[in-house]
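Notes for the one structure printed next.
Chain letters run A, B, ... following the sequence lines, proteins first, then strands; residues in each count from 1. If you're wondering where the values come from, they're calculated on a predicted model, not measured in any experiment. Scope of the values below: all heavy atoms of this structure, side chains included, with no hydrogens, waters or symmetry mates.
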Amino acid sequence: MKAAAFSYVRPSTLAEACAILRADEDARLIAGGQTLAPMMAMRLARPSQLVDIARLPELAGVADAGDALVFGAAVRQAEAERSPLVAARLPLLAKALPWVGHQPTRSRGTIGGSVANADPAAEIPLVLATLGGAVDFMTCDGPGHIAAQDFFAGPMMTALPADAVLTAVRFPVWSTPVGVGFHEISARRSDFAYVSAAAQASFDEDGVCIACTLGLGGAAAVPTRLESVALKLAGRRMTDAEIAEALEEAVAALEIMTDSYASPEYRRRVAKELGARALRDARDSAPGSRP
Amino acid sequence: MSAPGEFRFVSRDRRVREDRRFVAGRGRYVADIERPGMLHVALVHSPHPAARILSIESQAALALPGVRLVLTGEQLAAAVEPLMNGLDTPHVQRYPMAVGQARYAGEWVAAVVADTRAIAEDAAELVEVAYEPLPFVIDAEEAYTPQSTPVHEKHGSNVLLDRTFVWGEVEEHFAQSDHKLALRVTWGRNSTVPIETFGVVASWDPWSDTLDVWASIQMPKYADQIARALRLPGNGVRVHYDVDVGGSYGVKRGIKHTVLVGHLSRLLNRPVRLIEDRLENMRSGDAHGPDRIFDVEVAFNSDGVVNSMKMRALDNAGAYAGRAPFQLGKPIGAIVGPYRIKSVRYQAVSVTSNKAAQEAVRGFGQAPTNYAIESMMDRVAAHVGIDRLEVRRRNFIGADEFPYLIPSGTRYDSGDYHTVMDKVLAHVEWPALLAERDRLRATGMLAGIGVAACLEPSGGNSSFEPLLNEKNNTTTWMESVRINVDALGTVSVMIHTTSSGQGHETLASTVVGEALGLDPDKIRVVRPDSLASLPGNSPVGSRMAIMMGGAAHLAAGKLIDKCKAIAAHQFGCADEAVDYASGSVIERATGRTLAWADLVGVAHRNHHLLPDGMQPGLEATHIYQVPNASELPVDGRIQMYPCHSFEFHMTLVAIDPILGKVEFRRYVIGHDCGVVINPHIVKGMTLGGIAHGIGAALMEEFVYGEDGQMMSQTFMDYLLPSSHEMPHVEIVHHCTPSPLTVLGQKGSGESGYLGAPAAVSGAINDAVAPLGLRFEKLPIRLTKISDAVAAASPKQDRTL
């Protein structure tokens with residue numbers, strides 16, 4: 001469990017980092033290293049050089065853009081977890097963050113790193129997909145932007161160009177007050193989830209749902225927002241029965257992942273259950289809901 | 001626990017002296033040992049479960065700068081003796097690395113030595129091995145069939161051991177019983193998986209012809225085995241016992257590792273180090289535990305009284321014999337559990353397969369056996385429609401029946417099972433616990449209560465060795481302690497082993513302090529190296545409280561006798577006329593006193609005041625034989641371990657019927673290990689054992705795929721319970737002293753693990769019983785529970 005030989009560089013600017021990636025296709029970015037370092041130790045990853053972007057000033061800080069919170073890619077998960085801004089403006093992310101790894105891994109792991117890693121069971125990508133966020137990136141050719149639904153391409157695969165540095169992650173903030181729900185199941189606390197579910201909902205003064213969204217992680221190859229559930233529940237009171245009915249079809253249509261940990265039947269059954277629980281929690285914690 | 005006031009230091013709430021250095025991160029482990037010019041080893045592993053090794057090409061590896069040597073299994077085998085084989089199976093030969101043929105995926109095929117471990121790993125990737133894949137067998141039942149491919153061709157079959165014992169009138173008891181039932185339960189292959197993997201540093205000194213060894217070991221006769229395998233005289237190996245061992249519970253044996261690096265060090269004249277990485281530890285360290293299928297038939301009356309039991313235990317030993325067959329033998333010493341079962345037929349079958357070899361694991365086979373016995377008792381209770389607790393109560397051996405001779409020849413020393421169970425029931429308020437289970441059920445959860453009553457045989461001898469191998473006539477399993485009082489009057493206690501978390505320094509200082517009436521904190525505990533050590537058998541079989549405690553106490557007694565003789569001579573009275581108390585000797589009639597400093601002074605400096613013929617100095621040694629075990633087996637019967645601790649588990653679990661996740665709502669253990677020497681150590685052992693047992697019940701398993709590859713190679717797949725999964729455990733104490741030991745102490749190193757798997761499994765089965773389900777294979781993963789519940793439930797959607 002010693003990494004194969006590699007070199008290490010710490011560029012001082014984003015442009016420099018982009019140039020290194022352009023010049024060496026085997027170079028890999030490292031920020032928190034909570035996934036990459038163990039992969040290297042097991043020699044499953046063998047980068048020629050590690051480009052450490054953790055201290056790049058361009059990747060730091062959380063900015064409030066009004067309709068979104070914009071996280072610098074190198075913002076540590078622990079920093080986001082402690083942020084009053086995140087708690088106030090992005091309650092869904094705040095609710096999901098304690099489920100990301102363990103406290104020590106969150107002290108190192110970054111928001112951008114988790115998104116770029118695109119583990120189908122990871123919580124931050126799930127929240128990003130559920131809220132319909134986006135990522136910003138930079139290459140030697142200039143900046144770029146990809147919406148979440150186009151970003152996640154498969155397990156550990158993204159639409160990010162090979163020589164790009166992911167620079168920021170944009171989580172939309174709704175203009176109306178929201179309720180949120182987050183559930184996941186794994187063999188042990190903080191293991192990779194067999195299934196996770198994130199939901200957010202907003203209601204008008206009459207208790208009718210203005211907007212809602214539900215995303216599932218772990219169940220399919222990518223974190224998946226169930227558009228049909230949002231469509232079905234908008235304009236309704238989101239009763240338990242309406243939630244269940246909306247989920248029935250949506251989960252049946254999902255292409256479920258198969259592995260040795262859980263049967264596809266398990267994932268489908270639990271996706272339906274946790275999806276319903278997340279939606280009910282979102283409804284029950286939203287101002288104005290009256291199912 | 002013992003009555004307060006009986007002891008000054010024993011059983012008292014005293015700090016564990018080892019904790020300071022461990023908590024502060026100041027332990028000294030084998031990886032902390034640095035020797036000048038030390039080289040590092042990495043291994044080349046077989047990718048095949050079975051393959052002939054056609055060639056090994058090491059030129060590319062040797063060309064890498066910093067690489068010193070590539071050694072093949074064949075080269076090593078030519079230079080060393082085969083590793084010790086406990087059974088009489090001469091054709092199941094084992095060397096540190098594969099010779100001619102690899103027998104499991106991950107087996108060591110070649111070793112690379114380099115200036116750093118990283119270079120050694122780089123070079124290991126460059127060693128080219130040509131294999132011819134061979135047929136292989138993974139499943140124990142298939143391996144047991146005559147047509148299966150033998151893992152060791154010369155041996156002729158995969159059967160290492162197939163021995164049937166009949167103790168008592170089994171057929172008669174079966175014929176006379178009202179009811180019979182049969183069950184099969186399966187224990188998945190798990191282990192102890194310590195935080196610190198196995199590590200060893202060996203350093204050959206040609207100028208003194210000595211091999212110095214620092215190793216992360218918990219291994220009886222380790223130095224002897226290394227010397228024998230390396231063809232060195234016994235006094236040519238010096239094992240340093242003063243390294244801390246970061247966890248073991250049985251698995252830290254490391255013979256193959258040590259023979260390899262010992263040989264390399266001699267060959268290269270350099271210190272050589274091998275520290276397993278996690279993958280090597282899990283896949284190639286030969287450190288898995290029992291892997292066992294139990295077929296049980298039981299004969300019982302309508303009142304739930306069990307008369308007789310037939311048990312076949314089929315164990316999948318893996319590629320080499322190792323300790324696996326003996327782990328079928330040790331449970332013979334508690335084959336009826338805490339119950340008055342009159343007769344037993346026991347068939348112990350051990351087969352080879354193309355899995356990694358086993359090593360000793362906490363309880364040495366007793367935890368699986370207890371799981372089988374307790375599953376059986378639950379089934380008996382369900383069959384006769386009598387409460388599980390009542391059935392156990394009716395079958396328990398009574399407190400007035402000890403010493404109790406079980407059919408297989410062991411005498412249980414003491415116990416009070418009824419009282420321990422009653423104390424637990426009172427503690428949990430049994431009716432309230434039942435009501436809580438039913439309340440949970442009414443909310444839509446599955447909820448169940450599990451119980452397990454079982455024994456922890458302790459004081460480890462290895463009577464299973466002569467029982468299973470007629471050529472072995474060993475009846476001695478000693479432990480030694482030496483106490484030396486220096487000329488300044490301070491006390492040092494010599495112990496002759498490594499410790500892997502058992503707290504031997506606390507144990508030895510507490511017992512000696514108690515006996516001498518001196519503050520244990522002022523007593524130094526020293527670990528001489530193996531050449532300066534007295535004979536011992538290391539901490540196995542829950543033996544050290546009994547054995548090291550016994551040796552320490554008896555050595556202290558000799559020291560006291562010497563003090564008394566010195567004082568009596570001074571006083572001009574008989575030795576019998578004086579008493580020893582807290583470092584002083586007092587003449588009973590006159591009250592004249594010789595204080596500690598004076599006693600030490602006479603012993604060290606005033607030969608003219610010593611009784612005639614007495615040696616100067618103040619030193620005592622005791623080599624202590626296991627109590628109650630000096631006989632060879634007769635008619636398949638033998639006295640196994642001398643002492644028997646008892647534990648009674650009770651747990652309430654709630655299970656979300658859709659998610660399948662088992663949540664502990666209550667976990668209580670009633671524990672009786674006789675007189676406790678240090679309560680913190682016993683508590684730690686018990687909590688750790690329960691965590692280990694929860695792992696075995698719910699998540700831990702080394703899984704092999706149909707392709708013969710081990711699938712659970714990392715901690716992402718081999719799931720250890722974490723602090724999140726560990727319930728709050730309530731411990732209910734009871735103390736039935738052992739009549740066989742110096743202070744009434746029994747063992748507790750395996751406590752918790754011996755009953756937790758049975759209790760957790762019982763709770764889950766109680767929870768799913770209303771659905772007509774039963775789980776009979778460990779681990780019971782949450783996805784398995786959910787899938788079974790879904791298949792059993794009437795089609796309905798709870799979200800509607």
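- For the options B/Ile119, B/Leu720, B/Asp787, heavy-atom pairs under 4.5 Å to chain A are most numerous at B/Asp787.
- Looking at every heavy atom in both residues, B/Leu719 comes nearest to A/Ala187 through CD1-CB, 3.4 Å.
- Interface residue B/Glu121: backbone and side-chain heavy atoms are both found under 4.5 Å from chain A.
- Among B/Met699, B/Glu125, B/Arg117, B/Met711, the residue with the largest count of heavy-atom pairs under 4.5 Å with chain A is B/Glu125.
- Screening A/Arg277, A/His183, A/Glu184 for a side-chain contact (heavy atoms from CB on, under 4.5 Å) involving B/Leu659 leaves a single residue, A/Arg277.
- Scanning residues 274-283 of chain B against chain A with a 4.5 Å heavy-atom cutoff picks out B/Asp277, B/Arg278, B/Leu279, ordered by number.
- If you measure heavy-atom distances from B/Thr714 to chain A, the contacts under 4.5 Å come from the side chain alone.
- Within 6.0 Å of atom CG in A/Leu44, more than 12 heavy atoms from other residues, nucleotides or ligands are found, so the atom counts as buried in its surroundings.
- Other residues, nucleotides and ligands contribute over 12 non-hydrogen atoms within 6.0 Å of the CZ atom of B/Arg441.
- Neither the backbone nor the side chain of A/Arg267 comes within contact range of chain B, judged by heavy atoms closer than 4.5 Å.
- Scanning both residues, B/Pro721 and A/Arg188, for their nearest heavy atoms gives CA-CD, 4.4 Å.
- Of the two parts of A/Leu274, only the side chain, counted from C-beta on, holds a non-hydrogen atom closer than 4.5 Å to a non-hydrogen atom of chain B.
- Counted within 6.0 Å of CZ on A/Arg236, heavy atoms from surrounding residues, nucleotides or ligands total 12 or fewer; the atom is thus considered open.
- A distance of 11.5 Å separates CD1 in B/Ile658 from CD1 in A/Ile185, rounded to the nearest 0.5 Å.
- Closest non-hydrogen pair, A/Ala262 versus B/Thr783, comes out as CB-CG2, 3.7 Å.
- Every residue two or more places apart in sequence or in another chain that forms a side-chain contact (heavy atoms from CB on, under 4.5 Å) with A/Pro125 is listed here: A/Ser114, A/Ala122, A/Phe152, A/Pro223.
- The local environment of CZ in A/Phe192 is sparse, with at most 12 non-hydrogen atoms from other residues, nucleotides or ligands closer than 6.0 Å.
- Residue A/Arg269 comes nearest to B/Ser786 through the heavy atom pair NH2-OG, 2.9 Å, listed as atom of the first residue, atom of the second, then distance.
- Ranking A/Glu265, A/Met42, A/Arg189 against chain B, the residue ahead of the rest is A/Arg189, based on heavy-atom pairs under 4.5 Å.
- At a threshold of 4.0 Å, the pair A/Glu273-B/Lys661 does not count as salt-bridged, since none of the basic side-chain nitrogens sits closer than that to a carboxylate oxygen.
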